Amino acid sequence: MKCHLCATLLLTCLAACPTQAATAPCPPLSHNISSSNLWILLGGAAKGAVRQVIAGEFGKDVDSQKRVLGQFDRCGDLMVADISYDKREGNIVLSMEQHIARVQRGWVAEYAWRVTAIKAGREEVVDQRQGTLSWRKGPQGNIISATDKFVNMGSEGSAAIAYHYDPRLRVQKSVTRGSDKQNNGENRWRWNAQDRVVETQSARSREIWRYDKQWRELGLSGLATTPVSTLHSTDTCQLWDEAGNCTLSFLHEKEVFAKGTVERHLTSAYKYRYWDRSADEQ
């Protein structure tokens, strides 16, 4: 599950997590539906009957930590997730938090981020945003739309997002329209015959996934542009668990600015727990 968010966490005991009755039927094409929902909600999906994922990313030569803790029902849909990201590079400090919870008609996320620049020993806010992102499910269980209401640097804004699917209920495209023009536009997903995502693309970024013969994730290559730089990234998996999910990966980033280049090396670790395995097996 390459959601790019991970690190050391305080864990919630599995026994305290809400459960879904084992006899409750999953909808037709539930694997494709839950995978599409997870790509929308978390930016990645996993193999098998995942019950919990714990992940963390640590910077080797950059002060950076990303963390995620997610819980899933027996059909693979997300129940709750907590995500945080902290980074300090040069005189720039970035912090982000997001909490996602399943509700009756879909999911709701409360999020906030803050970017500050340290000048003359004092922090100056460069960007600050907080908001509520609400996703709505259709009758088949897949996410069909979302609304984002936020306050950015004291100004209120909003956005509407529509999602489009192929006949196999795999998400193909999202279209965002709102007051923040920088985030407007399309995101696209491309799937292979094994229902694995092989490419994601937007106006400013592209990522390509690679798999082995067992359809385990080998890694991904990315290219993204910002107003001031071009970012090249390569993430390579090193270890897998018995279900075939990556448990350790190394990320190399190369960001090219007008006046120089910055290279970063980061390590991500993942721990999965499954509904169809006992605690001793995991």
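Computed from a predicted structure; not experimentally measured.
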Test Leu218 against Cys237 for side-chain contact (heavy atoms from CB on, under 4.5 Å), laying out the working first. CA-CA 5 Å; Leu218 289 175; Cys237 188; 5.7 Å; no

Is it true that Ile83 and Val80 fall in one hydrophobic cluster, defined by side-chain heavy atoms closer than 4.5 Å? no

One should read off an interatomic distance between Glu110 CD and His99 NE2, to the nearest 0.5 angstrom, of 8.5 Å

Check the angle between the aromatic planes of Tyr163 and Trp189 and answer parallel, tilted or perpendicular using the 30° and 60° thresholds. tilted

Hydrophobic clusters here meaning ILVMFWY residues chained together by side-chain heavy-atom distances under 4.5 Å, can you tell me if Val68 and Leu94 are in one? yes

Leu220, Leu42: one ILVMFWY side-chain cluster at the under-4.5 Å cut-off? yes

Looking only at heavy atoms, which two atoms of Asp86 and Ser95 are closest? And how far apart? OD1-CB, 3.5 Å

Would you check if the side chain of Trp275 reaches a backbone N or O of Asp73 as a donor-acceptor pair within less than 3.5 Å? yes

Measure the acute angle between the ring planes of Trp215 and Tyr211, then classify it against the limits of 30° and 60° as parallel, tilted or perpendicular. tilted

Taking the side chain as everything from C-beta on, heavy atoms only, tell me whether Ser221 gets closer than 4.5 Å to Arg210. yes

Would you check if Leu78 and Asn37 make a side-chain contact, meaning some heavy-atom pair closer than 4.5 Å? no

Measuring only between side-chain heavy atoms, which start at C-beta, is Ile144 closer than 4.5 Å to Arg136? yes

Starting from the C-alpha separation in whole Å, work towards a yes-or-no answer on side-chain contact (heavy atoms from CB on, under 4.5 Å) for Leu223 and Thr230. CA-CA 7 Å; Leu223 176 65; Thr230 300; 3.6 Å; yes

Check whether any side-chain heavy atom of Val171 lies under 4.5 Å from a side-chain heavy atom of Asn142, and answer yes or no. no

Could you go through the side-chain contact (heavy atoms from CB on, under 4.5 Å) check for Asn152 and Asp127 one step at a time? CA-CA 8 Å; Asn152 196 171; Asp127 190 19; 3.0 Å; yes

To the nearest 0.5 Å, tell me how far Arg190 CZ sits from Gln172 CD. 11.5 Å

Looking only at side-chain N and O atoms, does Arg114 offer a donor or acceptor that is under 3.5 Å from a partner on Gln128? yes

Examine the side chains of Arg67 and Ser84 and answer whether a donor and an acceptor come within less than 3.5 Å of each other. yes

Electrostatic pair Glu217-Lys47, nearest N-O below 4.0 angstrom: no

Compare every heavy atom of Val197 with every heavy atom of Trp209, then report the nearest pair and how far apart it is. CB-O, 3.6 Å

Is there side-chain contact between Trp39 and Ser174, with heavy atoms separated by less than 4.5 Å? no

Look at atom CD of Glu156 and say whether more than 12 heavy atoms of other residues, nucleotides or ligands are closer to it than 6.0 Å. no

Inter-residue atom distance Thr236.OG1 - Leu248.CG, 0.5 Å rounding: 11.0 Å

Give a yes or no on whether Ile92 and Tyr85 share a hydrophobic cluster (residues Ile, Leu, Val, Met, Phe, Trp, Tyr; joining criterion: side-chain heavy atoms under 4.5 Å apart). yes

Does Asp148 pair with Arg129 as a salt bridge, N-O distance under 4.0 Å? yes

Under 3.5 Å, is there a donor-acceptor pair between the side chain of Arg170 and the main chain of Asn192? yes

Donor-acceptor under 3.5 Å (Asn245 side chain, Ala46 main chain): no

Determine whether Ile143 and Tyr165 make a side-chain contact, defined as any pair of heavy atoms from C-beta on separated by less than 4.5 Å. yes

Check the surroundings of atom CZ in Arg88: do more than 12 heavy atoms from other residues, nucleotides or ligands lie under 6.0 Å from it? no

Could you tell me if Thr176 and Asn183 have a donor-acceptor pair between their side chains, going purely by distance under 3.5 Å? no

Is the closest side-chain heavy-atom distance between Phe72 and Val53 below 4.5 Å? yes

Does Asp61 reach the main-chain N or O of Arg264 with its side chain, forming a donor-acceptor pair under 3.5 Å? no

Does Trp135 reach the side chain of Ile161, with side-chain heavy atoms less than 4.5 Å apart? no

If you apply the rule side-chain contact (heavy atoms from CB on, under 4.5 Å), what do you find for Thr226 with Leu231, and how did you get there? CA-CA 8 Å; Thr226 75; Leu231 178 64; 5.8 Å; no

Distance from Leu169 atom CG to Ser34 atom OG, nearest 0.5 Å? 11.0 Å

CG (Leu69) and CG (Asp82) are apart, to the nearest 0.5 Å, by 6.0 Å

Using the rule that two of Ile, Leu, Val, Met, Phe, Trp, Tyr join whenever any of their side-chain heavy atoms come within less than 4.5 Å, decide whether Ile100 and Trp113 are in one cluster. yes

Would you check if the side chain of Ser179 reaches a backbone N or O of Ser158 as a donor-acceptor pair within less than 3.5 Å? yes

Write down the atom of Leu38, the atom of Gly76, and the distance for their closest heavy-atom approach. CD1-O, 3.7 Å

Supply the atom-to-atom distance Met79 CE to Gln71 CD, rounded to the nearest 0.5 angstrom. 6.0 Å

Does Glu253, at its CD atom, have more than 12 non-hydrogen atoms belonging to other residues, nucleotides or ligands within less than 6.0 Å? yes

